[in-house]
Amino acid sequence: MTQGAGQEPVVRTATLRDFRVPPYARVPVQGHATDPTSAHPLPVPPPAGPVSAEPTTDAAPTQHAPAEHARGAAPAAAEHDPASAPAPAEHPPVPTQAPAPAPAPTAPMPADPTLHLGARLAGAGSSIVSVATGHPGNAFPEGELPEGYTPTERDLPVINRGDTVQVPVAAEPAPAADPVPANGEGPGPLYVVGDVHGYLDELVAALRAQGLIDENGGWAAGNARLWFLGDFTDRGPDGIGVIDLVMRLSAEAAAAGGYCKALMGNHELLLIGAKRFGDTPVNSGAGTATFQAAWLLNGGQKHDMDRLQDVHLQWMSRLDAVVREDDHLLVHSDTTAYLEYGQTIEDVNETVHEILNRNDADEVWDVFRKFTKRFAFRDDGGPEAVQELLSTYGGHRIVHGHSPIPYLLGQVGTEDGEGDSGPVVDGPHVYADGLAIAMDGGVTMAGKLLVVQLPLNG
């Protein structure tokens, strides 16, 4: 898969299809627009009848399913070590947001939805996407949530560990240095981003704090390298806006001599499956299941499905599952299941892409189920599991998202706390004898969306 483009900003190559930005994301908007040429979204009614939630290991109770059903979707940790994972703790219910006012009329959409590398819309200093809501990609008015948005929370086991360390990240970083010139020798600095889950405002703020984007949301980091670790949608208010932003930054970073790339998370597989297969039954190994039911149980948002277009599906389907950057092995999930798809990074990515291209619901479900497993690097066997991946694919440290740091640190899960400050997440979570770095700061539970430069010390 190619996520970058050539160094010349005006050259069109076959990889340009990776950077097509939907029309509504390129013009000022007050409410989200729909592409009249796009296919109708799948209906998303609540799942009917007995449905297995076996693979939904980060299942979140939503209005579409009772909490006990979501909690019944045993976390993937149980598949590895049932005795070591305590029962999920109860959380207070999350109030549902009131429906947002009806969106205002949108601006006309340009006839050509293709993004021209290196080009900007009229207006000095404006980015390719300059929206009325304050930053690019957001399709909803500032301070308002999309109609039908369902806030979610997760029920995961709390793991109390005393042999791990958090690497602090300053709440207010020092002003970023000037961007590295695109013609500088060697690669630029390497950054990674944890799970976003539709929290576009938090993502934009974190990228700005690191000096990776400017006030207009345009790429400002020269030849820096930026990797997203997956899980762009579900749970949060604007998953499609997040994808649009990452797609656009990929083009702008490539034109500047750097790059912005992304890994495939289990929620990308889930959204692809929900769109392609809907309520088609799949062989889950634990009864009847459907992608649509699993998507709803895991915080799927109807407004994301309504705005999902072919360009988003194509982009997600081409994402790699494993990469190695410098001395770091980057994956989404803290699982050893990647080993089942090949003994080299190239084999793993090729196998996953082939499965998605075959469009077989059972095969895609099996990949989703395996990439949803978690907690392989904790407890006594954690360092050995990390070493197995590193010895196979290379690198001296693994960097992952998927499992929220607040749960790994045991910071949440009690019922008697009445504070509203949320869990304390100061930075990445280094564990497994220093071989693993967890990057999911728990933004879905009022934690922190992490954007961090590698390497880390600690």
Side-chain angles (χ1 to χ4, degrees), residues 41-79 85 87-97 148-157 195 197-198 230-237 239 265-306 308 332-333 361-362 364-374 402-404 407 440 442-445:
L42 289 173
V44 286
V51 177
S52 167
E54 173 264 338
T56 58
T57 57
D58 54 8
T62 71
Q63 288 184 331
H64 307 289
E68 57 268 25
H69 188 177
R71 290 193 294 271
E79 300 185 34
E90 296 291 340
H91 293 277
V94 178
T96 302
Q97 297 288 341
Y149 167 51
T150 306
T152 59
E153 61 181 351
R154 303 190 217 188
D155 282 323
L156 294 176
D195 299 33
H197 282 299
D231 278 8
F232 302 105
T233 67
D234 304 335
R235 308 191 192 286
N266 59 306
H267 280 261
E268 279 69 66
L269 291 164
L270 184 57
L271 184 58
I272 291 170
K275 180 67 172 180
R276 287 185 182 176
F277 308 116
D279 57 2
T280 300
V282 295
N283 181 16
S284 71
T288 303
T290 73
F291 270 105
Q292 184 166 306
W295 175 69
L296 290 171
L297 285 171
N298 279 274
Q301 303 294 326
K302 182 179 183 299
H303 54 271
D304 280 345
M305 185 65 76
D306 290 344
L308 183 63
H332 171 71
S333 305
D362 286 333
V364 176
W365 180 271
D366 191 57
V367 178
F368 161 67
R369 179 180 63 86
K370 290 175 180 175
F371 284 6
T372 304
K373 294 180 179 180
R374 65 173 81 248
H402 190 48
S403 292
Y407 285 103
D440 183 351
V443 66
T444 62
M445 57 186 73

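Throughout, residue positions are numbered sequentially from 1 according to the sequence presented.
Between the side chains of His267 and Asn298, no donor-acceptor pair of N or O atoms lies under 3.5 Å. Side chains of Arg374 and Ser403: a donor on one and an acceptor on the other come within 3.5 Å.
You'll find the side chain of Asp231 reaches within 4.5 Å of the side chain of Glu268, heavy atoms only. No side-chain heavy atom of Arg369 sits less than 4.5 Å from a side-chain heavy atom of Thr372. A heavy-atom distance below 4.5 Å is not found between the side chains of Asn266 and Lys373. Counting heavy atoms from C-beta on, the side chains of Asp304 and Leu271 never come closer than 4.5 Å.
Residue Leu308 holds its CG atom at 6.0 Å from CE of Met305, rounded to the nearest 0.5 Å. Annotation: the span from Trp295 atom CH2 to Gln301 atom CD amounts to 7.5 Å, rounded to 0.5 Å.
Contact between Thr290 and Gly278 at its shortest, heavy atoms only, is CB-O, 3.9 Å. Residues Ser284 and Ala289 come closest through the heavy atom pair CB-CB, 3.7 Å. The two residues Gly300 and Asp234 come nearest to each other via the heavy atoms CA-OD1, 3.6 Å.
The side chain to side chain contact (heavy atoms under 4.5 Å, CB included) check on Asn283 picks up Asp362, with sequence neighbours excluded. Ser333 meets the side chain to side chain contact (heavy atoms under 4.5 Å, CB included) test with Thr335, Tyr338, Phe371, His402; sequence neighbours excluded.
The closest donor-acceptor contact from the side chain of Asp279 to the backbone of Gln292 lies at 3.5 Å or more, if one exists at all. Between the side chain of His197 and the backbone N or O of Thr233, at least one donor-acceptor pair lies under 3.5 Å.
Partner Phe291 forms a side-chain contact (heavy atoms from CB on, under 4.5 Å) with one of Thr280, Ile272, Val364, Leu296 and no other, that one being Val364.
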